[in-house]
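We count residues from 1, following the sequence as given.
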Amino acid sequence: MKLVECDSKKNQVVKHNDLMKAQGALSSNSKKMLSMLISMIKSNDSEFQEYALHIDSYEKAIGRKSNDVEALKNNALELMRNPFELKKGIYFNWCNKVDITTLKGYIIFKIDNELKSYLLNLQNNFTKYQLVNVLKLKGTYSPRVYEYLMMRYKTYKNEYFKEHKKYPKSYTFEVSIDFLRTTYKIPASYNYADIKKQIINKAQKDFKEFTDIKFDYKEQKIGRKVDRLIITVKENNRGSNDFLSDLKSFIAHMRKNYVNQNIWQGQGMILSVSESGRIYNKKTLAEYNKKDAQKVWETWYELAKNNNLLCLKQGTLF
């Protein structure tokens, strides 16, 4: 067996868009487990491997500390006993093997070969996102809502870029309540008020706190009944876009977005970042050497985390 492990901070999930829209129901933690599993697929894989998910890594990634082995096993078995409809009237399972005994501390999965054309060597009609964006989501339906909104948003962004040579700041589209009910297998007992409270509003709160996108919505009615939602998706500085997650991400963000802008001011200096990515004093045009620049970056990073950096106070980052 070739051991393939999951790096929850670096891995990406890549899925054919038909999988993003597939009808089915998984618990939130099983959906996160599935995302971790798919993120272990290598871009050059021609066949599925046996993918090993470290139990402690999984629990840490989803923020669970219970060490509940039975719950963990049930999360894994959901991927075998919870079929989803990918084509009209044709149902698939995610996995055809789950092994919790062979390798101590790991769960070993084998993805069903029927899904090869939807997960391997994808050339078009697919969506890619950073795994970290779904692992901390709290709402039961939030991981699936994230995937659907990300698929719609990225498809639009790519089409917009081809035409305009730049990316849009947001994307607005409509989705019917019936579509949500069918796609997410929402219980028939849920009325619209339940869907709004338990699914839409929870996802909206989750995304703002944990992911790289956020959304607003308006209700569209037929008579008194809410028939569809008009959703606007835009970038969010959280999840994989969280430039405050570490110093490296912060430096990359500042170099990309704040060239020649006033970042810090004091002691007769106005400091900024040059087009070459170096820190310089705008009054004298003198550039900092590597050692001194590192100290400045570290200071700026600490200021930024407390919203005390000049450009943050001006409200240009949020």
Side-chain angles (χ1 to χ4, degrees), residues 2-22 24 26-45 48-65 72 75-76 78-79 84 94-95 98 106-111 115 118-122 126-155 157 203 206-215 233 235-246 248-249 252-253:
K2 179 181 178 182
L3 183 63
V4 181
E5 294 195 61
C6 180
D7 186 333
S8 60
K9 293 183 179 180
K10 296 181 179 179
N11 281 18
Q12 294 182 318
V13 178
V14 184
K15 296 168 64 175
H16 193 282
N17 286 342
D18 286 349
L19 281 184
M20 294 287 197
K21 298 178 288 186
L26 285 173
S27 67
S28 178
N29 284 339
S30 293
K31 183 68 183 68
K32 294 172 186 177
M33 182 178 279
L34 174 63
S35 295
M36 294 180 78
L37 171 59
I38 292 174
S39 80
M40 289 188 275
I41 298 173
K42 304 300 181 184
S43 59
N44 59 351
D45 282 348
F48 290 131
Q49 310 295 323
E50 289 193 333
Y51 303 99
L53 181 59
H54 193 278
I55 293 172
D56 288 343
S57 296
Y58 166 72
E59 299 238 303
K60 182 179 179 180
I62 67 171
R64 187 166 70 184
K65 301 178 181 179
L72 194 72
N75 289 157
E78 267 196 68
L79 304 184
F84 60 94
W94 290 106
C95 296
V98 172
Y106 287 85
I107 305 175
I108 301 169
F109 300 86
K110 186 65 182 292
I111 299 174
L115 299 178
Y118 299 94
L119 292 170
L120 297 179
N121 298 312
L122 300 178
F126 66 88
T127 299
K128 178 191 299 184
Y129 65 85
Q130 294 292 129
L131 174 64
V132 68
N133 289 300
V134 298
L135 293 180
K136 293 183 179 180
L137 297 178
K138 297 177 180 178
T140 301
Y141 293 88
S142 292
R144 289 215 60 195
V145 176
Y146 173 83
E147 286 197 338
Y148 179 71
L149 265 58
M150 178 57 78
M151 178 199 70
R152 294 291 303 263
Y153 184 42
K154 282 205 167 184
T155 299
K157 280 179 66 177
D206 271 356
F207 291 8
K208 285 182 179 179
E209 187 172 358
F210 299 117
T211 81
D212 56 349
I213 59 172
K214 57 186 176 181
F215 71 94
V233 184
E235 302 286 336
N236 187 39
N237 289 318
R238 292 292 183 269
S240 60
N241 279 348
D242 185 0
F243 62 91
L244 296 178
S245 61
D246 54 47
K248 182 178 179 181
S249 297
H253 178 84

Under the side chain to side chain contact (heavy atoms under 4.5 Å, CB included) criterion, do S27 and N75 qualify, and how do the steps go?
CA-CA 8 Å; S27 67; N75 289 157; 4.0 Å; yes
Of all heavy-atom pairs between P143 and G139, which one has the smallest distance, and what is that distance?
CD-O, 3.5 Å
W94 ring center within less than 6.0 Å of F84 ring center
yes
With side chains defined as the heavy atoms from C-beta onward, is the minimum distance between N237 and D242 less than 4.5 Å?
no
Taken in chain and number order and not counting sequence neighbours, the residues that satisfy ring pair (Phe, Tyr, Trp, His ring centres under 6.0 Å) with F210 are none
Residue pairs meeting salt bridge (charged side-chain N to carboxylate O under 4.0 Å, His left out), one or both in residues 131-146, sequence neighbours left out, come to none
Could you walk me through whether L135 and S8 satisfy the side chain to side chain contact (heavy atoms under 4.5 Å, CB included) test, starting with their C-alpha distance in whole Å, then the side-chain angles of each, then the deciding distance to 0.1 Å, before giving a yes or no?
CA-CA 8 Å; L135 293 180; S8 60; 3.6 Å; yes
Would you say the side chain of L137 lies within less than 4.5 Å of the side chain of F207, judging by non-hydrogen atoms?
yes
Quick one: does M33's side chain get under 4.5 Å of I107's, heavy atoms only?
yes
Is D18 close to Y118 at the side-chain level, that is, under 4.5 Å between some pair of heavy atoms?
yes
Nearest heavy-atom contact between C6 and L53 is CB-CD1, 4.1 Å
Where do I111 and L119 come nearest, in terms of heavy atoms and distance?
CG2-CD1, 4.1 Å
State, with a plain yes or no, whether a side-chain heavy atom of V98 is found less than 4.5 Å away from one of I108.
no
Do S142 and D206 pair up side chain to side chain, a donor and an acceptor below 3.5 Å, judged on atom types alone?
yes
Could E78 and K31 be called an ion pair, given the rule that one side-chain N must be under 4.0 Å from one carboxylate O?
no
Rounded to the nearest 0.5 Å, how far does CZ of R152 lie from NZ of K21?
8.5 Å
For the CG atom of L131 and the OG atom of S39, what is their distance to the nearest 0.5 Å?
4.5 Å
Identify the heavy atoms of D212 and N133 that sit nearest to each other, and give their distance.
N-OD1, 3.1 Å
Can you confirm whether I55 sits close enough to L72 that some side-chain heavy atom of one is under 4.5 Å from a side-chain heavy atom of the other?
yes
Within this structure, what is the CG-CG distance for the pair D45 and N121, rounded to the nearest 0.5 Å?
8.0 Å
Under the side chain to side chain contact (heavy atoms under 4.5 Å, CB included) test, residues paired with E235 that sit two or more places apart
Y153, K157, N241
Taken in chain and number order and not counting sequence neighbours, the residues that satisfy side chain to side chain contact (heavy atoms under 4.5 Å, CB included) with T127 are N17, M20, M150, M151, K154
Apply side chain to side chain contact (heavy atoms under 4.5 Å, CB included) to I41 and L120, showing your working.
CA-CA 8 Å; I41 298 173; L120 297 179; 3.6 Å; yes
Smallest heavy-atom separation, A61 atom then M36 atom, equals CB-CE, 3.9 Å
Using a 4.5 Å cut-off on heavy atoms from C-beta on, say whether the side chain of K128 contacts that of V13.
no
Residues in ring pair (Phe, Tyr, Trp, His ring centres under 6.0 Å) contact with Y58, at least two apart in sequence or another chain:
none
Would you find a donor on one side and an acceptor on the other, under 3.5 Å apart, between the side chain of Y51 and the backbone of Q49?
yes
Rounded to the nearest 0.5 Å, what separation is found between the CG atom of D56 and the OH atom of Y106?
9.5 Å
Heavy-atom closest pair, residues L115 and L19
CD2-CD2, 4.4 Å
H253 and F243 aromatic ring geometry - parallel, tilted or perpendicular at 30°/60° bounds:
parallel
Pick from K10, Q12, K9: which one makes a side chain to side chain contact (heavy atoms under 4.5 Å, CB included) with Q130?
Q12
Begin from the C-alpha positions of K15 and E147 and carry the test salt bridge (Lys or Arg N to Asp or Glu O under 4.0 Å) through to its verdict.
CA-CA 10 Å; K15 296 168 64 175; E147 286 197 338; 2.9 Å; yes
Quick one, V233 with K214, criterion side chain to side chain contact (heavy atoms under 4.5 Å, CB included). Give me CA distance, side-chain angles, the key distance, then yes/no.
CA-CA 6 Å; V233 184; K214 57 186 176 181; over 6 Å; no
List in chain and number order the residues that pass ring pair (Phe, Tyr, Trp, His ring centres under 6.0 Å) with F126, two or more places apart in sequence or in another chain; answer none if no residue qualifies.
none
So do Y129 and T211 actually touch side chain to side chain, heavy atoms under 4.5 Å?
no
